[in-house]
Amino acid sequence: MFQRKTLQRRNLKGLNLNLHADMSSNGQLQEKTEAHQEHSRIEGHVMSNINAIKNSSNLFLRRGLKKKLTLNANADEQAELKPSSVVVQRPQNESVLVMSSLSQSPCVSSSSSLSTPCIIDAYSNNFGLSPSSTNSTTSTIQGSSNAATPVENEHSISLPPLEESLSPTTADLKDTLSGNSSDNYIQLQDLVQLGKIGAGNSGTVVKALHVPDSKIVAKKTIPVEQNNSTIINQLVRELSIVKNVKPHENIITFYGAYYNQHINNEIIILMEYSDCGSLDKILSVYKRFVQRETISNKKTWFNELTISKIACGVLNGLDHLYRQYKIIHRDIKPSNVLINSKGQIKLCDFGVSKKLINSIADTFVGTSTYMSPERIQGNVYSIKGDVWSLGLMIIELVTGEFPLGGHNDTPDGILDLLQRIVNEPSPRLPKGRVFSKELTDFVNRCCIKNERERSSINELLHHDLIMKYSSPSKDEKFRHWCKKIKSKIKEDKRIKREALDRAKLETKANRKSNDLNASTKTS
Ligand SMILES: Nc1ncnc2c1ncn2[C@@H]1O[C@H](COP(=O)(O)OP(=O)(O)OP(=O)(O)O)[C@@H](O)[C@H]1O
């Protein structure tokens, strides 16, 4: 029996959401949304079910937010959700082909030609997702346990024609998803895992050595539900687009994707390794140094030159993806921007639907909140949504706090957060600290709520903030910064390891003295 509690949130202009919280007998809080969106542009469009809000909201693990929110997406509820429970409108983007996540979706791509420009629709709705797939996975993350052992007997997945459905039994046919050229082709059995890099909502990333050419690669493992051919099929389709993205200075190079249902039931994606890691990682290392009081919190690592270079790299990467492949990233955030010690900024995690990943990872706490107001409202979204996210990311880097939830002002759940993005004034750099007029103006132009007034990628690439630091000597300075960051990351690792060793020794010593006391007492 469920005990139902209806939470009326603030009446959200443009969102108008009612939250129902179901309290199961075992105490687990499940929140079910019935959302009604009234917006002039989407009026009359009945597009989605409960998963749409889940996916459109891009709900991710965000460590700071404590409340575990599990949207209830079981079969009964799916049946119960009527078209009037509309949340998000699929954008009608006439000039681009939308690569839908599901074959039943209204926006299925009609062509399998990989040269056809297509948008990988990271937020397509969830029509057709079977209840089992939406409920899939209690996301046990696998992949890093076999450190230092080569992975054996895994096969690449075959890429089916788009019209054809890929059943898991045919999924382990030999390969076409293997990178851009034959030199990129990496056999999994030639990899030796070196250690875990990080874990996200969808899976785990480890560092691995490709023995034949001594190359370090990043290996991402995404567990998938057994026999879920829909999900696997879709991932294959999306990865087939990603694999065609040619190497670019600001894009992480894709080396291949693999799947073997008989062994681990996981999809493995191999990509270029970035030795300074992602911006969120660098920010956490910085915060740890501040905590240890070895550096002052008044002196951010992300100075104006660094921000200019990061912004320039992100904008160039976005521009390339869109111009060449009509891919909109849709998930610009610190963990998807990587840096290497050569001073290169690289975008990762584009092209595979977050919707799909969320359906795999099913539970989430907190939110990814870099989503633009027009996306939340279900309006037509464009590449300018990524510009908004870039603005938020810059504020977070220079202040160390997420702009819509830091400073002890954590949103009261996802809906509160969404309404803040839609209804509250645009995020700004905080007053009371001195930021240059170029940086301030750049952020302000990214964070304009009306998408039409927001600056375009091209305008921002010519902004004073970018031009100010575009000389070769500034590039050199940035390379120097990256090298310094790399050494700081190493130092942080060493400090953490030493602290761990000390703690282990202390525990051992305590145990010994306890044993000694016990034996003295008994004797
Ligand atoms: N190619 C790479 N080189 C170096 N580090 C990487 C690479 N790819 C990912 N990482 C690191 O691994 C971490 C986990 O990445 P992953 O893509 O699984 O999740 P995420 O981006 O943090 O979160 P989410 O799954 O919610 O998008 C990242 O935060 C990043 O620090």
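Read the numbers this way: they start at 1 and go in the same order the structure lists the ligands and their atoms. Just so it is clear, the structure is predicted and the values come from calculations on it, not from any experiment.
- Closest heavy-atom approach to atom 21 (O) of ligand 1 within the set Gly277, Pro334, Ser335: this belongs to Ser335.
- Using a 4.0 Å cut-off between charged side-chain N and carboxylate O, Asp386 and Arg330 make no salt bridge.
- Between Thr204 and ligand 1, not a single N/O pair is under 3.5 Å apart.
- The aromatic rings of Tyr325 and His320 sit perpendicular, their planes meeting at an angle over 60°, well past the 30° parallel limit.
- For ligand 1, the atoms sitting less than 4.0 Å from at least one non-hydrogen atom of Lys220 are 16 (P), 17 (O), 18 (O), numbered in the order shown with element in parentheses.
- Considering backbone and side-chain N/O atoms, Lys281 never comes within less than 3.5 Å of an N/O atom of ligand 1.
- The side chain to side chain donor-acceptor pair (under 3.5 Å) search around Ser372 returns Glu374, not counting sequence neighbours.
- With respect to Asp349 and Lys220, a salt bridge is recorded, a charged nitrogen being found less than 4.0 Å from a carboxylate O.
- Side-chain atoms of Met371 and Ser389, non-hydrogen and from C-beta on, never get closer than 4.5 Å to each other.
- Cation-pi geometry between Lys326 and Tyr322 is met: under 6.0 angstrom from the ring centre, within 45 degrees of the axis.
- The closest approach between any non-hydrogen atom of Lys333 and ligand 1 is below 4.0 Å.
- The residues Arg454 and Glu451 are annotated as not salt-bridged, no charged nitrogen and carboxylate oxygen being separated by less than 4.0 angstrom.
- Here Leu338 has side-chain heavy atoms under 4.0 Å from ligand 1, and that is the only part of it that gets that close.
- For Tyr273, no nitrogen or oxygen atom sits less than 3.5 Å from a nitrogen or oxygen atom of ligand 1, counting backbone and side chain alike.
- By the criterion of a heavy-atom distance under 4.0 Å, neither the backbone nor the side chain of Asp275 is placed next to ligand 1.
- The backbone N or O of Cys348 lies less than 3.5 Å from a partner atom in the side chain of His329, making a donor-acceptor pair.
- Sorted by first and then second residue, the salt bridge (charged side-chain N to carboxylate O under 4.0 Å, His left out) pairs involving residues 307-320 (not counting sequence neighbours) are Lys309-Asp475, Asp319-Arg323.
- Set against the non-hydrogen atoms of Asn336, the atoms of ligand 1 under 4.0 Å away are 21 (O).
- Near Ser274, the atoms of ligand 1 lying under 4.0 angstrom from a non-hydrogen atom of the residue are 3 (N), 4 (C).
- Counting atoms of ligand 1 from 1 in the listed order, those under 4.0 Å from a heavy atom of Ala199 are 14 (C).
- Taking a cut-off of under 4.0 Å to the non-hydrogen atoms of Met271, the atoms of ligand 1 that pass are 1 (N), 8 (N).
- Cation-pi geometry between Lys488 and Tyr286 is not met: the NZ or CZ atom fails to fall both under 6.0 Å from the ring centre and inside 45° of the normal.
- Those atoms of ligand 1 that come under 4.0 Å of a heavy atom in Asp349, given as number and element, are 17 (O), 21 (O), 27 (O).
- Set against the non-hydrogen atoms of Gly203, the atoms of ligand 1 under 4.0 Å away are 18 (O).
- The ligand atoms of ligand 1 that sit less than 4.0 angstrom from a heavy atom of Asp280 are 29 (O).
- Counting heavy atoms closer than 4.0 Å to ligand 1, residue Glu272 contributes backbone atoms (N, CA, C, O) but none from C-beta onward.
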